[in-house]
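What follows is a short report on a single structure.
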Amino acid sequence: MVHVGSTADASLCGAPCIITDGKHRGRNPGRMVWWDSWFRCVCAPVIEAKDTCIMSEEVIVARESENLTGTIKVSGAKNSALKLIAAAILGRGASVIHNVPLISDIEVMSDVARAMGAEVVRTDHTLTVDTTNVQDKETPYALVSKMRASISVLGPMVGRFGHARVSMPGGCQIGARKIDMHLVGMSALGVQFNLDHGVLEASVPDGLHGNDVCLEFPSVGATENTMMTAVVANGHTTLENAAREPEIVDLANMLNSMGCKVSGAGNSTIEIEGVPLESLHPCEHTTVGDRIEAGTFLVGGALLGGPLTVTGIDPSFLRMAILKLRAMGCDVDYGDDWISIRRTGRLKPVDIQTLPHPGFPTDLQAQFMLLCSLADGSSVVTENVFENRFMFAEEIMRMGADITIDGHHAIVEGVDKLEGAPVSSTDLRGGAALVLAGLAAEGETIVRSIGHIDRGYEDYVGKLRHLGADVERCLMNDDGSLVALQ
Ligand code: EPZ
């Protein structure tokens, strides 16, 4: 329940107060900010209290757009920055991390670090993470349940204190998201685990020691936690079947800047020479560009034609995606830190198999399924990484896509046009793809549950508008009326 009215009577129903009427005056007319669970206007409201409470939610309204053209600088990689914050725990002192995206997941991870005693201060896209006063505390369930990547503090906490208590992360829409491989990797280094009422307790009764570790699957998280434990183990660790994602390399580079000795990151075998914890120190590091954000915008360019350029990204991070875009009939060019795309003819069908890097990224699966849904023929999209990552398909079928799900395969028959419809984000990447779908579809598409998108895309609407999209961030009231916010 939210209250529409003036701040004066916001407490009437004790619900988050959304002041929306357009009659605002002040610094940011009509701009809402989130303030201890209440929406409040940042200016002096000059509105009369309304006597009705109405439900409102933020939505993204996407309308058929002529094209997406121009240049966008991508933000820093969400899936790297989150782990860099955790890694700072190993270097007692103030580490500075640049190119950190302004997204809600980073806020959650910053709160996790704060809950452990760190001081985290953001200045624009730079975070200063001072871990001087980090203590051996339990990671709060309330935060871990918001974002499962919080489990990334496990390795650094064990490395620093020889002990950790981290709430077990839950699953999410795309799968069970188990952490058994994290535990196997760390156990090989001398860590013992005990599950205590939903809290995972880690201890190292005989200290951390190097070992030969082979992961059953090149899990990103398991590679990261094992690596962040091994860097202060006594002796040498060889980590085989390691994840090869660019974010792993970014983390290894930061760890080495702190005094660690990691080599081979980006390959299947990573070599780690343990060093004394006391020898580690804070560092200054710049997060790599977000390859999934870059890929998402490139799909937008493929969808509507472009030319569209993304900058701030190493094109080698997206080799497979570029290969598939070219196979679909797009002209793709790139330089040291940019990638451009243009399409003239109709999209061609393509088969996609998601795999660990350098295979096709699962985080671009929904976006490419959208492209396939408008291609001239049949495509098969196979999801090999997560067990339940086709929810996007169910939403886009509401817009007229012709998709048949058969286990881990989605058979996509291209159609000529999609139709705008009310849809709901099912996960971060599916939500971003639904907005793109709305730009290509006839009419208007209202995308709900956009909190998923805010988790991983900085100013997604603003960047799309910069490229010429007809898209708005709105408050939708329970009577269906829309109030534009951005
Ligand atoms: C990271 O998740 C990313 N998240 C995911 O991005 C990404 O999709 C995934 O890597 C694969 O690239 C972050 O970095 C925060 P995994 P992670 O461990 O580490 C199973 C996004 O949209 N598994 O490589 O959780 C697991 O269930 C998100 O930005 C186990 O069974 O991925 C999954 O099916 C979504 N046991 C598969 O392996 C384990 O111990 C891959 O998981 C670990 C994983």
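All ligand and atom numbering here is 1-based and tracks the order in the structure. No experiment lies behind these values; they were computed from the predicted model shown. We number each residue from 1, following the sequence as shown.
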How many angstroms lie between OG1 in T223 and NE2 in H182, if you round to the nearest 0.5 Å? 8.5 Å
Is the count of non-hydrogen atoms from other residues, nucleotides or ligands lying under 6.0 Å from E216 atom CD greater than 12? no
Are any of the protein's heavy atoms under 4.0 angstrom from atom 39 (C) of ligand 1, yes or no? yes
Crowding at OH, Y334 (>12 non-hydrogen neighbours, <6.0 Å): no
N384 side chain vs T354 backbone, donor-acceptor pair below 3.5 Å: yes
Quick check against the 3.5 Å criterion: does D427 have a side-chain atom that pairs as donor or acceptor with the backbone of R429? yes
For atom 18 (O) of ligand 1, what's the nearest protein heavy atom and its distance? S219 OG, 2.7 Å
Could you tell me, atom by atom, which parts of ligand 1 come under 4.0 Å of a heavy atom of L428? 21 (C), 22 (O), 29 (O)
Between ligand 1 and A222, is the shortest N or O to N or O distance under 3.5 Å? no
With R160 as reference, evaluate V153, L277, V232, L280 under the side chain to side chain contact (heavy atoms under 4.5 Å, CB included) test and give the passing residue. L277
Among protein heavy atoms, which lies nearest atom 19 (O) of ligand 1, and at what distance? G221 N, 2.9 Å
Which segment of T362 sits under 4.0 Å of ligand 1 when only heavy atoms are counted: side chain
Which residue and heavy atom of the protein sit nearest atom 20 (C) of ligand 1, plus the separation: M181 CE, 4.7 Å
Selected option - heavy-atom contact closest to atom 28 (C) of ligand 1, from T354, I151, D363, N225: D363
Give the numbers and elements of all ligand 1 atoms closer than 4.0 Å to a heavy atom of K78. 21 (C), 29 (O)
Check whether any side-chain heavy atom of L371 sits under 4.5 Å from a side-chain heavy atom of K324, and report yes or no. no
In this structure, atom 43 (C) of ligand 1 is nearest to the protein heavy atom K178 O, 3.2 Å
Ligand 1 contacted by K83 (non-hydrogen, < 4.0 Å): yes
Within 6.0 Å of NZ in K178, more than 12 heavy atoms from elsewhere: no
Please state which protein non-hydrogen atom is closest to atom 2 (O) of ligand 1 and give its distance, to 0.1 Å? R177 NH2, 3.4 Å
More than 12 non-hydrogen atoms from neighbouring residues, nucleotides or ligands closer than 6.0 Å to CZ on R114, yes or no? yes
Regarding E458 and K463, does a basic nitrogen lie under 4.0 Å from an acidic carboxylate oxygen? no
Check each of R429, M109, Q365 against atom 29 (O) of ligand 1 and report the one with the nearest heavy atom. R429
If you measure from each heavy atom of R148 to ligand 1, is any distance below 4.0 Å? yes
Heavy-atom count check: over 12 atoms from other residues, nucleotides or ligands less than 6.0 Å from E271 CD? yes
Selected option - heavy-atom contact closest to atom 16 (P) of ligand 1, from L183, V220, N79: V220
Could you check whether any heavy atom of R389 sits closer than 4.0 Å to an atom of ligand 1, since that is the contact criterion I want to use? yes
Close-contact set for ligand 1 against A149 heavy atoms, below 4.0 Å: 15 (C)
Relative to the heavy atoms of D180, which atoms of ligand 1 are at a distance of less than 4.0 Å? 30 (C), 31 (O), 36 (N), 39 (C), 40 (O)
Quick one: does M228's side chain get under 4.5 Å of L251's, heavy atoms only? yes
Closest non-hydrogen protein atom to atom 26 (C) of ligand 1, residue and atom name please, with distance? F386 CE2, 4.3 Å
Quick one: does ligand 1 sit under 4.0 Å from the side chain of V385, the backbone, both or neither, non-hydrogen atoms only? both
